[in-house]
Trainee: 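Would you mind keeping the following structure in view while I ask a few things?
Residue numbers start from 1 in every chain, and the chains themselves are labelled A, B, ... in the order their sequence lines are given, proteins ahead of strands.
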Amino acid sequence: MVSMMVAAFRRRHFINRSPVRSARWELPSPVHMSYDHMKIESKWQDVWEREKVFEVTEDDSKPKFYNVAMYPYPSGELHVGHVRNYTYIDLITRYKMMQGFNVLSPMGWDSFGLNAENHAIETGINPRVSVDEQIAKMKEQFRLLGVGFDWSRELASHDPAYYRWDQWLFLELYERGLAYKAEAAVNWCPKDQTVLANEQVVGDDVCERCGTPVEKKMLSQWQFKITDYADRLLDSIDNLHHWPDRVRTMQRNWIGRSKGATFTMQVDGKGSFDVFTTRPDTSFGMTFCVLAPEHALVESLIKGSQNETEARDYVAAARRQSEIERLAEGDKTGVFTGVYAINPVNDARVPIYIADYVLMGYGTGAIMAVPGQDQRDWEFATKYGIDIIRTVQPEEGFDGEAYLGDGATINSDFLNGLHREDAIAKIIGWFGENEIGEATTQYRLRDWLISRQRYWGCPIPMVNCESCGLVPVPKEDLPVLLPPIDDYLPKGKSPLAAVDEFVNTTCPRCEGPAQRETDTMDTFMDSSWYFLRYADPHNDEIIFDPEKAKYWMPVDQYIGGVEHAILHLLYARFITMFLHDIGLSPVEEPFERMFTQGMLIRDGAKMSKTKGNVVSPDHYYENYGADATRLFELFVGPPKDDAVWNDSGVPGTKRFLDRFWKQAAGDHRFSNRQTDGRDREMLGITHRTVRKVTEDIDRFHFNTTVPALMTLSNELQTYLGDEPVEDVYKEVIEKMVLMLSPMAPHLAHELWEAKGHATMLAHEPWPSWDEDLAREETVTMIVQVNGKVRDRIEVSADIDEAGAEEMALASEKIQGWLDGGEVMRVITRPPNLVNIVVG
RNA sequence: GCCGGAGUGGCGGAAUUGGAAGACGCGCCAGAUUCAAAAUCUGGUGAGGCAUUGCCUCGUGUGGGUUCGAGUCCCACCUCCGGCACCA
């Protein structure tokens, strides 16, 4: 049956060729209409595993390439969105191996976190058990995809052998004054008596479980002083030359350094407060000032004022809102306190307002409002009927809005006539002389709050002693193990607080009774240094051997979702800088090249388990194979952009692979004619394709490599129908197999072996191209008249300007279009284009 | 509200530098093969118009602008996506 079909196929396509000789490769099975992907793929997956092809050690004879995909949360199920990420990372691993690099591509698990804890609350199953099961499932899916990871370095953040080093890091930060405890607000559900993550606050600020309105509650929590590193984290962005501009910009804006001045405002008989401004040169334009609702002075200001009730209601309402909601409100709101402050520059009495557009977390939590030069202040002043004083003169006059541009200072006494920079310098000098203020720098960045009132995380290694206070757990006592528990629901505190044998301990300092910290760490801590641990994942003496890290670091290519462009990357940079400062990390910046990939969309939304629109790759592995699945993942769209999943895409790439299989492994009849232009053209296209595929991989345009190979295959099909020459055919096939090997590695390996190679394809060099062969001898030159295409002429590729113009003007079609008009100008861009401008 | 992106046929997308808009694939249509279907192969496929060959006009979210020439650059806006902790 099968051989009849093959015979029919051959008859249809090659019946007219005069057979001279044939190329027959040794194949394990006859050439079917489609290849047996199940058999081939499991065969090569076994070989790669058995031969430990992707396990590497430090090797100074080769340049290293360290390739990391952001480690996944073990949801138990890969979907085609994940597969996209790992197809990219594997393409790079295999491509770089072929280029002669010693490539490390490890994998691990971001296994602490809210999802596993929620699962435990629902099912009562210890997350330790469910997470391990899910990891096993996902590993199998990785194997079926054929991804080359060095599994000998596998790690998981819930493993005590891993998280003990989280705790060690915490203690190092603490010893250097970079970890401290301070009051911070949490979302609090009064009904469930539970702290809620932002994600658990839904809709109109209610608890996702019970729908109760969420409140804010202050708790004493651990924070890392990332702000001490703000300048370094900001300035060092300039050196991240191989990061996407959008990520660098977002990081810069996130840190948000602004220079300005802080000065003190006096309140009538009720103390004083500091304000920060980036525009001290506009101080004479202050017509009111604003305190954040949470400002410490608010209570004493409003007490007994004529606006007390209204102000109190406003503060209470603001407290109920999340910060994003406060920002999202289009209309500025606020309330007058009934109290006035004194503008120190001119002794003017200005009303003090409370408004939620001023945040306690930034600057001093209080501002001088200058509506003439600030748009938000302008809107507020307009709404509440407050005076506006212009202090900067625009050259083009005022337009009924705040003026943010430059100009001479006006209405400002001793600053009049000065421009911004000089005025700022002068007023800051004046603040100094009068001892009311000074130049200061503020950052948008805040310290990193790491306390979580949750079970499924790394315990914070501190104890509270009744006589010694906060005492760190000695490093030799690490890890502080996360105890098994029965009830995962937090009750006012972390679930760990209910475990007496965990909580009650002795003070490491005085050996008196003490209680452990019951909060766990933010999982961003786990993910801030795992790429360093991969260099030395099994070390139980030290977080990692600096010598091994020196070999592998920095990460040469880091790939992950664009949603991590700010927080994760910033924290990872901070911790790496810290590890560098204490002499462990060889580098300050962990990621040499960063690539942020887009997400996969289906049914108009990003693929996620909660949205119920995930597509499992298993069905595609089974019916079309991992290679076809991988090829479509590459083909689906630009890696940096979101892409839409199409269910019939994988069958399409399988068709291409089947066709290539037939071209590569099938029987063809060859001619022994002299080589001619047909062969020259076939080789030209092949070498141009090698060049294009290489360049496109290097610039991360994976989506265009697949069509390039498809086009080459189409050209080969035509070539095979017109007296093909065997040597030419062999070169085309060999180059194609090599190019396909990082993309569709199973089929490529099978064909490589079938062709009689004793070597493994994974160890073969990436194909090169010959520029002479790749050069095109003639090109189609576009001739335009007034910018519209009017003719196309085949010209020699090395035509010069005069020649191009001559050819263009000689065209009959062009002459027709020039009829009657005067040639004003001729633009020539040989050999591609001539544009004739006629009047 | 702020920061960062993105909008191109029925669909995903292509167009490295400002120079042929729609490569390649999916889908659809027609044909070949088949008792039939699937699979496979061949051809066609932005819209509108004229047409015997072929040719013309329009067309890259909207409105302006720069340029011999704009999907690409500039200004304003609309819609969608990612992030978020009013940046004073």
Side-chain angles (χ1 to χ4, degrees), chain A residues 5 8-9 12-13 33-34 198 244-247 249-258 260 275-279 290 292 322-332 355-359 361-364 366-370 374 376-377 442-446 449 561-567 596 598-599 601 604-606 632 635-638 640-653 655-656 658-659 662 692 695-696 699 701 703-704 706-711 714 717 780-789 792 824-827 829 832-838:
Chain A
M5 286 162 71
F9 173 78
R12 277 199 298 281
H13 298 288
M33 297 306 284
S34 63
N198 285 338
D245 285 340
R246 59 175 170 174
V247 175
T249 305
M250 280 190 271
Q251 293 238 334
R252 280 197 191 95
N253 292 343
W254 188 261
I255 295 168
R257 177 164 61 197
S258 40
V275 296
F276 171 72
T277 176
T278 53
R279 294 294 305 275
V290 186
S322 72
E323 278 191 58
I324 291 177
E325 276 179 332
R326 276 170 60 169
L327 329 179
E329 245 173 64
D331 211 16
K332 304 269 171 284
D356 62 8
Y357 76 95
V358 172
L359 294 185
Y362 184 78
T364 58
I367 61 162
M368 70 165 191
V370 187
D374 183 289
R376 284 163 309 178
D377 297 346
Q442 288 287 344
Y443 300 88
R444 183 188 174 281
L445 181 70
R446 297 182 197 167
L449 194 156
V562 66
E563 66 272 23
H564 296 299
I566 295 177
L567 290 176
T596 50
M599 290 170 304
I601 309 291
K606 72 170 169 178
F632 181 65
F635 191 39
V636 70
K640 69 177 170 51
D641 294 341
D642 291 350
V644 179
W645 183 256
N646 173 354
D647 291 333
S648 52
V650 176
T653 48
R655 263 199 284 279
F656 162 66
D658 280 333
R659 180 177 161 108
K662 283 179 286 194
K692 179 173 175 54
E695 288 172 356
D696 282 356
R699 63 188 182 123
H701 285 213
N703 55 317
T704 52
V706 180
L709 293 172
M710 287 174 167
T711 304
N714 292 346
Q717 194 66 26
T780 307
M781 184 174 78
I782 303 305
V783 185
Q784 300 178 327
V785 176
N786 287 340
K788 289 192 188 277
V789 180
R792 285 146 207 206
M824 319 276 290
R825 202 175 153 188
V826 180
I827 288 112
R829 294 286 179 273
N832 299 312
L833 176 125
V834 173
N835 185 15
I836 302 162
V837 186
V838 292

Trainee: Within the 4.0 Å heavy-atom criterion, would you say Gln442(A) contacts the bases, only the backbone, or no part of the nucleic acid?
Mentor: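 Here Gln442(A) touches no strand at all.
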
Trainee: Quantified in whole Å, what is the P atom distance between nucleotide rG13(B) and nucleotide rA23(B)?
Mentor: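 After rounding to an integer number of Å, I get 15 Å for this pair.
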
Trainee: Respond yes when some side-chain nitrogen or oxygen of Lys788(A) is under 4.0 Å from OP1 or OP2 of rC58(B), and no when none is.
Mentor: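 Answer yes for this pair, as a side-chain N or O of Lys788(A) is under 4.0 Å from OP1 or OP2.
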
Trainee: Shortest non-hydrogen contact from Ser258(A) to Tyr362(A)?
Mentor: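 Closest approach of Ser258(A) to Tyr362(A), heavy atoms only: OG-OH, 2.9 Å.
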
Trainee: Which heavy atom of Met250(A) sits nearest to which heavy atom of Ala565(A), and what is that distance?
Mentor: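 Answer, listing the atom of Met250(A) first, then Ala565(A): CE-CB, 3.8 Å.
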
Trainee: Closest approach to the side chain of Met250(A), judged atom by atom: which nucleotide of rA14(B), rC81(B), rG4(B) is it?
Mentor: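 Output: rG4(B).
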
Trainee: Only pairs with both distances under 3.5 Å count, Watson-Crick or wobble alike; so what is the partner of rU53(B) in this structure?
Mentor: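 Pairing partner: none.
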
Trainee: Quantified in whole Å, what is the C1' atom distance between nucleotide rG63(B) and nucleotide rA70(B)?
Mentor: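 These two C1' atoms come out 16 Å apart once rounded.
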
Trainee: CG of Asp641(A) versus C1' of rC81(B): gap in Å, rounded?
Mentor: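 So the two atoms are 11 Å apart, to the nearest Å.
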
Trainee: Rounded to whole Å, please give me the gap between CD in Gln717(A) and P in rG25(B).
Mentor: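 Going from Gln717(A) (CD) to rG25(B) (P), I get 12 Å.
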
Trainee: Scan every strand shown for a Watson-Crick or G-U wobble partner of rU16(B), both distances under 3.5 Å, and answer none if you come up empty.
Mentor: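 Paired with rU16(B), as far as the under-3.5 Å criterion goes, is no nucleotide at all.
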
Trainee: Check whether the side chain of Arg246(A) and the base of rG5(B) form a donor-acceptor pair under 3.5 Å.
Mentor: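 A donor-acceptor contact between them is absent.
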
Trainee: Hey, does Met824(A) reach any base, or is it just sugar-phosphate, or nothing, if we go heavy atoms under 4.0 Å?
Mentor: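 Nothing, no heavy atom under 4.0 Å.
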
Trainee: From C-beta outward on Phe276(A), which listed nucleotide comes closest to its side chain: rA21(B), rA88(B), rC84(B)?
Mentor: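 Nearest nucleotide to the side chain: rA88(B).
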
Trainee: Could you give the CH2-to-P distance, from Trp254(A) to rG83(B), as a whole number of Å?
Mentor: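 Atom CH2 in Trp254(A) sits about 11 Å away from atom P in rG83(B).
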
Trainee: Starting at CZ of Arg252(A) and ending at C1' of rC2(B), how long is that distance when rounded to a whole Å?
Mentor: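 Atom-to-atom, Arg252(A) to rC2(B), this comes out as 18 Å.
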
Trainee: For nucleotides rG46(B) and rG22(B), find the distance between their C1' atoms and express it as a whole number of Å.
Mentor: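 Their C1' atoms lie roughly 8 Å apart.
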
Trainee: Name the orientation of the base relative to the sugar in rG71(B): syn if the glycosidic angle is within 90° of 0, else anti.
Mentor: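 Judged by the O4'-C1' to base torsion, rG71(B) sits in anti, the angle falling more than 90° away from 0.
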
Trainee: Give Pro638(A) one of three labels, base, sugar-phosphate or nothing, depending on what nucleic acid heavy atoms sit under 4.0 Å from its own.
Mentor: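 Pro638(A): backbone/sugar contact only, no base atoms under 4.0 Å.
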
Trainee: Measure from CZ on Phe635(A) to P on rG12(B) and round the result to the nearest Å.
Mentor: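 Value for this atom pair: 13 Å.
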
Trainee: Looking only at atom P, what distance separates rG69(B) and rC58(B), rounded to whole Å?
Mentor: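 My reading of the P atoms in rG69(B) and rC58(B) gives 14 Å.
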
Trainee: For rA6(B) versus rU72(B), give the span between their C1' atoms, rounded off to a whole number of Å.
Mentor: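 Those two atoms are separated by 14 Å.
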
Trainee: Using both distances under 3.5 Å as the test, list the Watson-Crick or G-U wobble partner of rU40(B), or none.
Mentor: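 Pairing partner: rA32(B).
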
Trainee: To the side chain of Arg792(A), which of rA15(B), rA20(B), rG12(B) is closest?
Mentor: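 Among rA15(B), rA20(B), rG12(B), the one nearest the side chain of Arg792(A) is rA20(B).
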
Trainee: Taking rC29(B) as the reference, what is the distance to rG18(B) when you measure between their P atoms (whole Å, please)?
Mentor: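 Nearest-Å result for rG18(B) against rC29(B) at atom P: 42 Å.
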
Trainee: Could you work out which one of rG12(B), rG13(B), rG27(B) sits closest to the side chain of Val636(A)?
Mentor: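 Ranking rG12(B), rG13(B), rG27(B) by closest atom to the Val636(A) side chain puts rG12(B) first.
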
Trainee: Closest approach to the side chain of Lys662(A), judged atom by atom: which nucleotide of rG19(B), rU40(B), rA20(B) is it?
Mentor: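 For the Lys662(A) side chain, the nearest candidate turns out to be rU40(B).
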
Trainee: Side chain of Met710(A) only, heavy atoms from C-beta on: which candidate in rG25(B), rG19(B), rA20(B) is closest?
Mentor: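 Per side-chain heavy atoms of Met710(A), the pick is rG25(B).
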
Trainee: Is rG1(B) paired to anything, Watson-Crick or G-U wobble with both distances less than 3.5 Å, and if yes, which nucleotide?
Mentor: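 The base-pairing partner of rG1(B), which may sit in any strand shown, is rC84(B).
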
Trainee: Using the C1' atoms only, state how far rG9(B) lies from rU45(B), rounded to an integer number of Å.
Mentor: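 Here rU45(B) and rG9(B) have their C1' atoms 10 Å from each other.
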
Trainee: Does the side chain of Thr704(A) reach to within under 4.5 Å of the side chain of Lys692(A), using non-hydrogen atoms?
Mentor: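 Yes, their side chains come closer than 4.5 Å.
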
Trainee: Indicate whether OP1 or OP2 belonging to rC24(B) is found under 4.0 Å from a side-chain N or O atom of Asn714(A).
Mentor: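 So the side-chain polar atoms of Asn714(A) never come under 4.0 Å of the phosphate oxygens OP1 or OP2 of rC24(B).
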
Trainee: Atom CZ of Arg829(A) to atom P of rA70(B): distance rounded to whole Å?
Mentor: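 To the nearest whole Å, that distance equals 14 Å.
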
Trainee: Give the nucleotide from the list rA14(B), rG25(B), rU57(B) with an atom nearest to the side chain of Asn703(A).
Mentor: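 Among rA14(B), rG25(B), rU57(B), the one nearest the side chain of Asn703(A) is rA14(B).
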
Trainee: Asp658(A) has an atom CG; how far is it from atom P of rU40(B), in whole Å?
Mentor: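 These atoms are roughly 8 Å apart.
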
Trainee: Would a distance-only check, ignoring hydrogens and angles, find a side-chain to backbone donor-acceptor pair under 3.5 Å from Asp696(A) to Asn703(A)?
Mentor: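 Answer holds: no.
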
Trainee: Using heavy-atom distances to pick each residue's nearest nucleotide on RNA chain B, tell me which of Thr278(A) and Asn253(A) is more 5'.
Mentor: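 Result: Asn253(A).
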
Trainee: Is any side-chain N or O of Arg655(A) closer than 4.0 Å to OP1 or OP2 of rG27(B)?
Mentor: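 Yes.
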
Trainee: rC24(B), rC68(B), rC41(B): which one has an atom nearest the side-chain heavy atoms of Ile827(A)?
Mentor: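 Closest nucleotide among those given: rC68(B).
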
Trainee: Tell me: CZ of Arg699(A) to C1' of rU17(B), nearest whole Å?
Mentor: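 The answer, rounded to whole Å, is 12 Å.
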
Trainee: Answer yes or no: side-chain N or O of Arg446(A) and base N or O of rA85(B) forming a donor-acceptor pair under 3.5 Å.
Mentor: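 Check passes, donor-acceptor contact within cut-off.
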
Trainee: Set out, in order, the CA-CA distance, both residues' side-chain angles and the distance that settles side chain to side chain donor-acceptor pair (under 3.5 Å) for Arg825(A) and Asn835(A), then state yes or no.
Mentor: CA-CA 8 Å; Arg825(A) 202 175 153 188; Asn835(A) 185 15; over 6 Å; no

Trainee: Quick one: label Trp645(A) by what it contacts on the DNA or RNA (base, sugar-phosphate, nothing), any heavy atom closer than 4.0 Å.
Mentor: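 Counting heavy atoms under 4.0 Å across all strands, no contact is made by Trp645(A).
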
Trainee: If pairing requires Watson-Crick or G-U wobble contacts with both distances under 3.5 Å, which nucleotide is the partner of rU66(B)?
Mentor: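 Its partner: none found.
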
Trainee: Please determine whether a side-chain nitrogen or oxygen atom of Ser258(A) lies at a distance below 4.0 Å from atom OP1 or OP2 of rA88(B).
Mentor: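 Checking rA88(B) against Ser258(A), a side-chain N or O does come within under 4.0 Å of OP1 or OP2.
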
Trainee: Check Asn832(A), Val834(A), Leu833(A) against Ile782(A) for a side chain to side chain contact (heavy atoms under 4.5 Å, CB included) and give me the one that passes.
Mentor: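 Among Asn832(A), Val834(A), Leu833(A), the one meeting side chain to side chain contact (heavy atoms under 4.5 Å, CB included) with Ile782(A) is Leu833(A).
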
Trainee: Would you measure the distance from the C1' atom in rA21(B) across to the matching atom in rU8(B) and give it in whole Å?
Mentor: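 Nearest-Å result for rA21(B) against rU8(B) at atom C1': 8 Å.
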
Trainee: Over all heavy atoms of both residues, which pair between Ala292(A) and Val358(A) is shortest? Give the atoms and the distance, please.
Mentor: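 Heavy atoms only, the tightest pair is CB-O, 3.3 Å.
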
Trainee: Do Glu563(A) and Met599(A) come within less than 4.5 Å of each other through their side chains, counting heavy atoms only?
Mentor: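 They are in contact (side-chain heavy atoms under 4.5 Å apart), so the answer is yes.
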
Trainee: Would you indicate, yes or no, if rC68(B) has its OP1 or OP2 atom less than 4.0 angstrom from a side-chain nitrogen or oxygen of Arg825(A)?
Mentor: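 So the side chain of Arg825(A) is within the cut-off, an N or O lying under 4.0 Å from OP1 or OP2 of rC68(B).
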
Trainee: Would a 4.5 Å heavy-atom cut-off, applied to side chains only, mark Val706(A) and Phe632(A) as touching?
Mentor: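 No, every pair of side-chain atoms sits at 4.5 Å or beyond.
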
Trainee: Touch check for Leu445(A), heavy atoms < 4.0 angstrom, all strands: base, sugar-phosphate only, or nothing?
Mentor: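 Base: the residue Leu445(A), judged by heavy atoms under 4.0 Å, touches a nucleobase.
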
Trainee: Contact class for Gly652(A) vs. all strands (heavy atom < 4.0 Å): base, sugar-phosphate, or nothing?
Mentor: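 Sugar-phosphate, no base atom in range.
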
Trainee: Below 3.5 Å, does any donor atom in the side chain of Asn835(A) face an acceptor in the base of rC68(B), or the other way round?
Mentor: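 Such a pair exists between side chain and base.
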
Trainee: Taking pairing as Watson-Crick or G-U wobble with both contacts under 3.5 Å, can you name the mate of rC58(B), or confirm there isn't one?
Mentor: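 With both distances under 3.5 Å, rC58(B) matches rG46(B).
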
Trainee: Of the options rA88(B), rC26(B), rG82(B), whose atoms approach the side-chain atoms of Val562(A) most closely?
Mentor: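 Closest nucleotide to the Val562(A) side chain: rG82(B).
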
Trainee: Can you figure out which of rC26(B), rA88(B), rA20(B) approaches the side chain of Thr277(A) most closely?
Mentor: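 Closest nucleotide among those given: rA88(B).
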
Trainee: Quick check: do Asn714(A) and Phe656(A) have side-chain heavy atoms less than 4.5 Å from each other?
Mentor: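 No. Closest side-chain heavy atoms not under 4.5 Å.
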
Trainee: Which residue lies toward the 5' end of RNA chain B, Thr364(A) or Val247(A), if each is placed at its nearest nucleotide?
Mentor: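 Looking at RNA chain B, the more 5' nearest nucleotide goes with Val247(A).
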
